[in-house]
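Note on naming: letters A, B, ... go to the chains in the order of the sequence lines (proteins, then strands), and numbering restarts at 1 for each one. Heavy-atom basis, side chains included; hydrogens, waters and symmetry copies ignored. Remember, it's a predicted structure, so these values are computed and weren't measured experimentally.
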Amino acid sequence: MVSVAFINPLSDEGRQIVREMGNLDLFREDNAKLIDLVIHTRLQDISEEFIPHNYVDLAVKRLEWYIRKKNDPNFNYNKYSFLFNYDITRFDVISFYLLCQAVGVKFGPNSRESRAMVESQGKLMQSRLSEFSRIDREDLIKKILDSLLSDEKVKWTFFEDILSSRKLKLEDLVMDHGDIILNREDFIESFSSKIEHRDPDKIYNMMIGDKVKELIMNRMIMQKTEDYIYKVQQKSKREIEPNPLLLELAEKVSTVLSESFPSYGHKVGGNGEIKAAPLNPNAFPPCVKLVLEGMKSGGRNDAIILFFTPFVSYARLYPDIFRKNVTVKVSDVDPNLSVVQNEILPLIYGAAEQCTPPLFDDQPQEKININAKLGFGMHAVVELKHEGESIWYTPMSCEKVKLHLPSLCKPDKTCKRIGNPLSYYIRKLWESDETNGNPEGNED
Amino acid sequence: MDENHFLKPASTEERRLYYREEWNIEDIPDFIKNSVDKREFGFDHLGRGPNDRYRVFRSLDLLRKFLRYRTPFAAYSSVAFYEKPQRRDGWIKSEVVFDVDAKDIPLRKCNCEGVCDVCLNQAREIVCSLMDILKGDLGLNDIHVIYSGRGYHLRVLDESVMKVNSDVRGQIVKYIIGAEVPQSEYGSDGVTYKLEHFSLPFGYPQVFTERVKYAILHLTESTEMDGVNNKLLKDVIKYREFINNDEWGLFRGKVGPIRYQRLIKSIASLNMGWVDAKVSIDLKRILRLPSSLHSMVSMKCMEVNNLENFDPFQDAVPRFVYERK
Ligand code: SF4
Ligand SMILES: [Zn+2]
């Protein structure tokens, strides 16, 4: 019998396993039982290098599977077959907790490590479920959902946090007067009278069936994983020293993640880092290009101040911001502010000039707001002594652009793969590096 | 009476007349009266925007006096409730609001400069349909409709949503206005089926269908839409009778599936214009105070109790307008 902990390590069954966990130090020692299970997994590639020997190895493999699958076109599933063998549940659950704790103590919930961990859990659950027969899958989902949702009827507001983190979209849910429709009976009761020429039963299977249930289950567990990482972080702040084993694992997690960013030409440093370089307008996303063409009076201010200023300043000075999870000041990367003065401000002023009517003609005070968004407080000139009086605004996400400045967002193909105009820019730079071999713009 | 007297800015004298003789503190809706001490107020004294902010009133009577004597050009109150409204501090919760401004809606039937009865009526229709979705799909109650002077504010005071953050508010907006094309492929047990939004009469696909229908029926030859060229626009108009009769399959057949896809994608992005999403995602917005005067157009901002029959040119015109010569 498959344990629900194989899908949801945060379930009661999963917690029970962890409670029996014992001494952390044992987790880096070779475990014959684990090795045996792995070797005897159907289709498992048993070359020495692929086989996890202990819990820490297993934890690393768990994340590596996700990262490689996502980025490696020649991904070999058989290297990781053991992840789909439910006999490893005990080991798997413990390695899940180890990962969360390592990420929690070292990086916290808002890090790329945490994001990767949460996403990998989501993907792993999905892939694992798809390997089961329909009956088993339905049964597992039902059991897990029953324990996650205590009430028969669930209001959509119950999913506030997964909606807020966009793990789930409101459009994915079928609702009737606020209640989420999950059961066949409720569906028939609410909608069968509206459905003509089709079998309501079939429509239910297609639109809700297991699909929505699985989605909700998946997203709730992802959210819980994130919450758990947060809790670990909070707790670790009160403790003296994190266990060295966790720090060691955290290091390994970082390495696995950095591997995933292939190096593209000179802009990318040794650890996948993207360095600052003069701007390449060819790589700008459609929304930024539109601003450069000039804005009409509606939305002019927001487009220049809230949208364009953060975008160009980060694109020029610190394109890596979203992968770094740090707060920076302009002077950290442009110590004497020469790039700001000679490149960034002229570009912003140029875009402001393109507006109809030109932005500063009737609102010269907006120059001050631009300085503020760069972190230099509300002052007429950009000066080091004022730095820090305000924060250097990070670029708006695509989601925010769509809400704030809907007329700017004219997505193209590349947009499908990114969530922020800045990531668009970086991606395009990579692509152009790859195809041209010799990118425009020189090293700074 | 002469049309020309309407929609003109109010003079200082007229403002005074309004607040001293016509306005009554009781006209402020209960949902604001009950929470005066928790809200931030803002005023525009000179017609240059609400610069006088962070105002608080410990009691209704103080607010009454303020309006009577200062007779502001415009008055606003926050959608947020605070522990310390004077500092916008200690945020408790915010109404969820949707702003439908008649002069900004897409596909306006009129071509007026500001607002007129045609576009105001169109705004009213939109508010009605948004209201249906807020209630029918999202199950929200305690929704108030305010005529703002140039359009409508939908203000939701349902406790179940007043604490949600901007991201969730953004999702609500996108759902009710149909900002995304619904998926059309559904898998069940390993088989993928194609189901267009119009064959699913419930949930988000239905919301989207309604919006697409409205848009298609209101297009004109001169409408500009991304990805929709003149030829497509002409064909849409030529065949839209099918949509009017809910014969979507036939319409799609006539237009062709690829062009249909392009059309609805374009409508989805046009839908972003029905409400001003910036207002909805801003937890600290101030909105025009119901019962106050919209001095730019000499109209009363007021709560609407019967939206079906509301006519701003009957119900929201202050007395002094009729006395204009
Ligand atoms: S999807 Fe993002 S990057 Fe692309 S145009 Fe829209 S806002 Fe810009
Ligand atoms: Zn009009």
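Most heavy-atom pairs under 4.5 Å with chain A: of the set B:G273, B:S166, B:S199, this distinction falls to B:S199. Listed options B:K163, B:Q171, B:Q206, B:M272 were ranked by heavy-atom pairs under 4.5 angstrom with chain A; first place goes to B:Q171. Taking A:L403, A:D172, A:D302, A:L173 one by one and counting their heavy-atom pairs under 4.5 Å with chain B, the maximum is reached by A:L403. For the set A:D179, A:L163, A:I203, A:V174, the entry with the most heavy-atom pairs within less than 4.5 Å of chain B is A:L163.
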One pair to check against side chain to side chain contact (heavy atoms under 4.5 Å, CB included): A:E399 and B:K174. What are the steps and the verdict?
CA-CA 10 Å; A:E399 187 80 10; B:K174 288 173 68 186; 3.2 Å; yes
Side chain to side chain contact (heavy atoms under 4.5 Å, CB included) for B:K135 and A:H177? Distances and angles first, verdict last.
CA-CA 6 Å; B:K135 289 181 177 164; A:H177 290 88; 5.6 Å; no
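Contact annotation for A:E196: neither backbone nor side-chain heavy atoms come within less than 4.5 Å of a heavy atom of chain B. At a 4.5 Å heavy-atom cutoff, the contact between A:F187 and chain B is made by side-chain atoms alone. For A:D161, no part lies under 4.5 angstrom from a heavy atom of chain B. Within the 4.5 angstrom heavy-atom criterion, only side-chain atoms of A:K211, from C-beta onward, approach chain B. With a 4.5 angstrom heavy-atom cutoff, A:I162 does not touch chain B via any of its atoms. Residue contact with chain B, scored on non-hydrogen atoms closer than 4.5 Å, involves the backbone and the side chain of A:R166 alike.
Looking at B:L200 and A:M207, their side chains come closer than 4.5 Å, going by heavy atoms from C-beta outward.
Across all non-hydrogen atoms, the minimal contact from A:T157 to B:S160 is CG2-O, 3.5 Å. A:E171 and B:E180 get closest at one heavy-atom pair: OE1-OE1, 3.5 Å. The two residues B:L140 and A:W156 have their closest heavy-atom pair at CD2-CZ2, 4.4 Å.
The CG atom of A:D176 lies 11.0 Å from the CG atom of B:L138; values are rounded to the nearest 0.5 Å. Taking OG of A:S193 as the reference point, atom CZ of B:F202 lies at 11.5 Å (rounded to 0.5 Å). Separation of atoms OG (A:S407) and CG (B:L270) is listed at 12.0 Å; rounding is to 0.5 Å.
The number of heavy atoms from other shown groups lying within 6.0 Å of NZ (A:K123) does not exceed 12.
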